[in-house]
Amino acid sequence: MSEPGDTEQQIRQDRLAKLAAARSRGVDLYPTGFPHRVPVAVLRERFGGLEPGTDSGQRLRVAGRVMARRGHGKAQFLDLVDASGRIQLHATADATPGYEEFGDLDLGDLIGVEGEVFQSRRGELSVRVESWQLLAKCLRPLPEKWHGLTDVEQRYRHRYVDLITNEQSRVDAIARSRAITAMRAALDEEGFVEVETPVLQPLYGGGAAKPFTTHSNELERDLYLRIADELYLKRLIVGGLDRVYELSKDFRNESISFKHSPEFTMLEWYQAYADYRDGMELVEKVVSRAGAAAGSTLDLTPPWPRRSLREAITEAAGIDPLADRDRERLVSFMQEQGMDTSGDHTWAQAVDHLLSHFVESRVTTPLFITDYPVELSPFSKRSPDDDAIVERFEAFCGGMEIANAYSELNDPLEQRERFEQQRRAAAAGDEETTPMDEDFLLALEYGMPPTCGVGIGIDRLMMVLLDKRNIREVILFPALRVLEPDDGGA
RNA sequence: GGGCCGUUAGCUCAGCUGGUAGAGCAGGGGACUUUUAAUCCCAAGGUCGCAGGUUCGAUCCCUGCACGGCCCA
């Protein structure tokens with residue numbers, strides 16, 4: 001075994017040999033459990049007040065991964081890490097049975113330990129190893145103990161190694177989970193029910209995006225992975241469920257960027273007999289609860305300021321976007337500002353571009369932008385005061401859009417006309433239109449109550465709450481290009 | 001999609017206008033029974049991302065490709 005580049009293979013072979021030796025001694029290499037163990041955090045809570053240099057007189061069991069070792073001849077200290085924290089172990093030739101085999105343990109090994117809790121002279125809470133058991137062997141070398149795994153690509157491709165070595169990665173993963181739990185709780189308290197609607201759809205809709213396509217052999221037809229939950233959830237509102245939400249993955253077959261992932265997590269809720277003003281209050285409540293649960297330092301205390309899109313752009317950019325419907329006026333202004341307007345084919349797109357350029361990117365603390373032009377919003381209800389405006393809002397924070405919502409269009413005839421507009425836009429070359437959905441229109445014809453619908457992009461929200469600049473930092477297994485085979489067989 | 005940058009030991013990083021590479025940690029051997037980035041001694045570890053080109057000679061210069069990062073769209 002002396003091929004070049006096989007440091008890691010040599011380590012693996014050495015460790016496999018240790019396993020084989022242990023097996024020949026009759027050791028159960030992969031035992032089925034380790035009962036009655038105490039999480040490290042609980043142990044710390046219970047014994048944290050112990051005076052330095054004193055024993056607790058109490059034995060207990062801890063289990064986790066060996067992350068550091070400091071040897072001292074016939075004694076050694078190890079750091080044991082579980083999901084709740086890190087604790088020092090002290091093994092000695094006198095007190096630890098099988099001390100020699102204990103010394104064969106490698107960094108990364110998972111072990112269970114039983115022994116007395118004591119406070120070292122230097123005040124480090126520790127467990128004396130009075131009995132121990134290998135729970136699973138680590139056959140691969142861990143990254144460097146001080147820097148951990150810092151290579152961004154390796155952290156994403158081998159997230160388990162990132163989580164093993166970088167406590168912050170574990171903290172962030174748990175924070176995301178806590179935030180999601182808190183959002184569910186907030187909605188449940190308001191009488192919402194969580195539902196599940198199709199991921200595989202014969203028609204996609206509810207957003208402006210290109211879908212992934214797949215195929216059902218049994219149904220003998222192509223299906224789409226949903227780009228949004230919207231149209232199914234509104235069918236449930238027609239059916240009388242009144243308050244529904246769904247929290248799961250949507251898929252968009254588009255470019256990947258620091259804030260775009262092809263699969264991403266959406267929370268959508270629909271509230272009957274409510275309008276977009278009610279939606280803003282609930283967004284404030286749900287997001288502030290999520291922020292508290294995630295330990296965010298942002299001030300998300302309601303109420304958040306509200307500005308109309310027209311006011312916000314006029315103030316930030318110095319041009320009134322809604323003075324008329326003239327694309328040329330906006331585009332020439334934007335070009336004077338040095339902006340690339342090659343993607344702004346319509347007046348509405350230019351307005352959207354102004355919003356993201358001058359408003360979205362500058363928002364640090366939470367802000368609602370309200371009252372959007374109808375052209376940007378095929379499923380929103382028109383304002384009773386202005387035919388050209390819809391009752392829609394977006395919430396921005398930390399330079400990011402975190403929520404999009406509106407009073408839902410529930411007039412089936414007008415909804416049909418909006419679909420027709422989308423069809424015309426598609427015929428004109430717009431690749432991100434929403435296709436005619438006859439079954440959805442049929443549902444609306446049975447009557448949908450006035451409803452507010454809200455969508456929250458969970459990944460972007462987590463970026464804001466955890467202060468991450470790349471969506472891959474808040475997705476445990478982000479989309480990456482596949483490497484050529486032969487990345488070392490390692 | 002465009003521009004810039006990166007890819008060297010398992011990990012974190014050095015490597016001078018081109019002469020086939022160094023350190024720390026991890027791993028191996030040894031000393032050490034309250035250390036905590038423990039310490040000390042010894043030895044070992046490389047297809048310098050991949051493929052071409054220039055050159056007497058390429059980790060280094062050039063081209064292409066792969067993957068990633070940042071910025072722009």
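Below, each value reflects all heavy atoms present in this structure, side chains not excepted, and no hydrogens, waters or symmetry copies. Everything quoted here is computed from the prediction, not taken from an experiment.
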* Distance under 6.0 Å and angle within 45° of the ring axis: does A:Arg392 meet both against A:Tyr276? -> no

* Searching all strands shown, indicate the nucleotide that pairs with B:C50 (Watson-Crick or G-U wobble; both distances under 3.5 Å). => B:G64

* Does A:Arg69 count as lying over the ring of A:Phe77, i.e. NZ or CZ under 6.0 Å from the six-ring centre, within 45 degrees of the axis? -> no

* Asked: Who does B:A26 pair with, Watson-Crick or G-U, both distances under 3.5 Å?
  -> none

* Asked: In terms of side-chain heavy atoms, does A:Ser84 have a donor or acceptor partner in A:Asp82 at a distance below 3.5 Å?
  -> yes

* **Whole angstrom value for the distance that separates P of B:A44 from CD of A:Glu8** => 22 Å

* What's the closest nucleotide to the A:Arg472 side chain, out of B:U36, B:A26, B:G68? -> B:G68

* Could you let me know what B:A14 is paired to, Watson-Crick or G-U wobble, both distances under 3.5 Å, or none if it's on its own? => none

* Asked: What is the nucleic acid contact for A:Gly148, judged by heavy atoms within less than 4.0 Å: base, sugar-phosphate only, or nothing?
  -> sugar-phosphate

* So, is A:Asn470 near the phosphate of B:G68, with a side-chain N or O under 4.0 Å from OP1 or OP2? -> no

* To do: Can you tell me the pairing partner of B:C4 across any strand shown, Watson-Crick or G-U wobble, with both distances under 3.5 angstrom?
  => B:G69

* Atom-to-atom span, CG of A:Asp94 to P of B:U34 - whole angstrom -> 11 Å

* Side chain A:Gln88 and base B:U35 donor-acceptor under 3.5 Å -> yes

* Asked: What's the CZ-C1' distance between A:Phe77 and B:C32, to the nearest Å?
  -> 12 Å

* **A:Glu473 CD to B:C70 P, straight-line distance once rounded to whole Å** => 9 Å

* For B:U20, what is the paired nucleotide under Watson-Crick or G-U wobble rules, both distances under 3.5 Å? -> none

* Asked: Could one point to a donor on the side chain of A:Ser120 or the base of B:U35 with an acceptor on the other under 3.5 Å away?
  -> yes

* Could you state the atom-to-atom distance from CG of A:Asp14 to C1' of B:G45 in whole Å? => 12 Å

* Asked: Under 4.5 Å between any side-chain heavy atoms of A:Leu149 and A:Ile164, yes or no?
  -> no

* To do: Would you please say whether a donor-acceptor pair under 3.5 Å links the side chains of A:Arg176 and A:Thr265?
  => yes

* Asked: Is there a donor and acceptor pair closer than 3.5 Å between the side chain of A:Arg70 and the base of B:U35?
  -> yes

* **Whole-Å gap separating P (B:U33) and CD (A:Gln76)** => 12 Å

* Whole-Å distance between B:A73 C1' and A:His260 NE2? -> 12 Å

